[in-house]
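Quick notes on the structure that follows.
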Amino acid sequence: MGLKGFVEGGIASIVAGASTHPLDLIKVRMQLQGEPHLPNPSLQLYRPALAVNSAAVGNVSISQPRVGPISIGVRIIQSEGVAAIFSGVSATMLRQTLYSTTRMGLYEIIKNKWTDKETGNLPLTSKMLAGLIAGGVGAAVGNPADVAMVRMQADGRLPIDQRRNYKSIIDALSQMTKQEGVGSLWRGSALTVNRAMIVTASQLATYDQVKETILEKGVMGDGIGTHVTASFAAGFVAAVASNPIDVIKTRVMNMKVAPGAEPPYSGALDCALKTVRAEGPMALYKGFIPTISRQGPFTVVLFVTLEQVRKLLKDF
């Protein structure tokens, strides 16, 4: 089961990640909205969250437009081209290969090891603990690809002369190493690990628990209906639990640090405090609509694909 679990989880994760990438890109753009150090205020196109809904320029107060995720997607296509909605997709696929393959495979190994051999049962708390461990390890492995993915997705919102213009995931990792040092590949790693632990514990444990409950109660059989229902529940729980950490992680990973200059954020806590002070507490749930819009389809594609791959590989 060891290697097989990694292969099954990896295939399902790559398919899910690539197919929902545009929604993830919109989520990242919304999460970065409102940062006080953004070079060009005119690029502030997204909805503020319980903050002052205006920007003062001299003595003139300019109202910020309220734009939803669909409008943001349309604006990205209009200003950057259709291909822009798949900016960073190579980084997404590498991230899924490293991060999700590790967490999915490790979760299955731990779950099978802890499951009672006689009853075949595993308590929810044990599933969550298995998810915490698997998510933490997977995030540590996949952090470089995560940093590159966030930067490639966010690049289009910057003025042209300040864009990083990474050509591919390899180019991104290479430039980051040369210009900022190897340590930059693990920027925000503490946040990535924390988020991954929460996402994996809530997502995988919820899916397994809801699926088991549906089958035990005889509501539905072990088919697509059960898999989709359990997937939506898992996606919603994961989105609610992880969004605040995801916002902070995105901002820390995306920040530009000029040589000799003080970074916009000194760390995760500083980022959280500055975000809440400047934009209000609900800023930590910026991008929640695209997050849940992405988590729902992502989780459905992930687990439905996983179940089908398991059927294909059951004899191996």
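This one's a predicted model, so the numbers in the text were calculated from it and none came from an experiment.
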Minimum heavy-atom separation for [X] and [Y], please, with both atom names.
X: Arg164; Y: Gln175; value: O-OE1, 4.2 Å
X: Thr291; Y: Asn243; value: OG1-OD1, 3.0 Å
X: Cys271; Y: Val252; value: CB-CG2, 4.0 Å
X: Trp114; Y: Ser126; value: CZ3-O, 3.5 Å
X: Ile292; Y: Ala239; value: CD1-CB, 3.6 Å
X: Gly135; Y: Ala196; value: O-CB, 3.3 Å

Can any side-chain N or O of [X] pair as donor or acceptor with the backbone N or O of [Y] at less than 3.5 Å?
X: Thr299; Y: Phe232; value: no
X: Asp222; Y: Leu215; value: no
X: Thr200; Y: Ala134; value: no
X: His21; Y: Gly17; value: no
X: Ser87; Y: Ala84; value: yes
X: Arg251; Y: Tyr265; value: no
X: Lys274; Y: Pro264; value: yes

Should [X] and [Y] count as side-chain neighbours, where that means a heavy-atom distance under 4.5 Å?
X: Thr115; Y: Asn121; value: no
X: Arg103; Y: Val137; value: no
X: Leu302; Y: Tyr207; value: no
X: Gln203; Y: Phe298; value: yes
X: Lys249; Y: Asn194; value: no
X: Leu191; Y: Arg195; value: no
X: Leu173; Y: Leu94; value: yes

_Step-by-step side chain to side chain contact (heavy atoms under 4.5 Å, CB included) determination, Gln209 to Val237_ = CA-CA 12 Å; Gln209 194 67 29; Val237 172; over 6 Å; no

_Let's go through Asp155 and Arg151 carefully: what are the C-alpha distance in whole Å and the side-chain angles of both, what is the deciding distance for salt bridge (Lys or Arg N to Asp or Glu O under 4.0 Å) to 0.1 Å, and is it a yes or a no?_
CA-CA 6 Å; Asp155 213 32; Arg151 291 188 175 194; over 6 Å; no

Interatomic spacing from [atom1] in [X] to [atom2] in [Y] - rounded to 0.5 Å:
X: Thr97; Y: Ile11; atom1: OG1; atom2: CD1; result: 10.5 Å
X: Ser168; Y: Met152; atom1: OG; atom2: CE; result: 6.5 Å
X: Asp146; Y: Leu98; atom1: CG; atom2: CG; result: 10.5 Å
X: Asn143; Y: Leu185; atom1: CG; atom2: CG; result: 8.5 Å
X: Ile169; Y: Thr92; atom1: CD1; atom2: OG1; result: 8.5 Å
X: Phe303; Y: Met104; atom1: CZ; atom2: CE; result: 5.0 Å

_Evaluation steps, side chain to side chain contact (heavy atoms under 4.5 Å, CB included), between Val147 and Trp186_ = CA-CA 7 Å; Val147 177; Trp186 274 271; over 6 Å; no

*Could you walk me through whether Glu108 and Lys4 pass the salt bridge (Lys or Arg N to Asp or Glu O under 4.0 Å) test, one step at a time?*
CA-CA 10 Å; Glu108 285 299 319; Lys4 186 179 176 183; over 6 Å; no

*Give a yes-or-no answer on whether the side chains of Ser100 and Gln96 include a donor-acceptor pair shorter than 3.5 Å.*
yes

*Quick one: do the Tyr285 and Asp246 side chains pair a donor with an acceptor below 3.5 Å?*
no

Are [X] and [Y] linked, directly or through other ILVMFWY residues, by side chains that come within less than 4.5 angstrom of each other?
X: Ile70; Y: Ile289; result: no
X: Val300; Y: Met220; result: no
X: Tyr99; Y: Ile170; result: no
X: Phe86; Y: Ile76; result: yes
X: Leu273; Y: Met282; result: no

Under 4.0 Å between a Lys/Arg side-chain N and an Asp/Glu carboxylate O for [X] and [Y]?
X: Arg187; Y: Glu180; value: yes
X: Arg75; Y: Glu80; value: no
X: Lys127; Y: Glu212; value: yes
X: Lys211; Y: Asp208; value: no

*Count the heavy atoms belonging to other residues, nucleotides or ligands that lie under 6.0 Å from CE of Met128, then report whether that count exceeds 12.*
no

*Just wondering, more than 12 heavy atoms not from Leu312 lying within 6.0 Å of its CG?*
yes

*Please assess Leu122 against Asp116 for the test side chain to side chain contact (heavy atoms under 4.5 Å, CB included), listing each intermediate value before the final yes or no.*
CA-CA 6 Å; Leu122 183 67; Asp116 189 300; over 6 Å; no

*So Phe6 and Ile109, side chain to side chain contact (heavy atoms under 4.5 Å, CB included) or not? Walk me through it.*
CA-CA 9 Å; Phe6 286 95; Ile109 290 176; 3.5 Å; yes

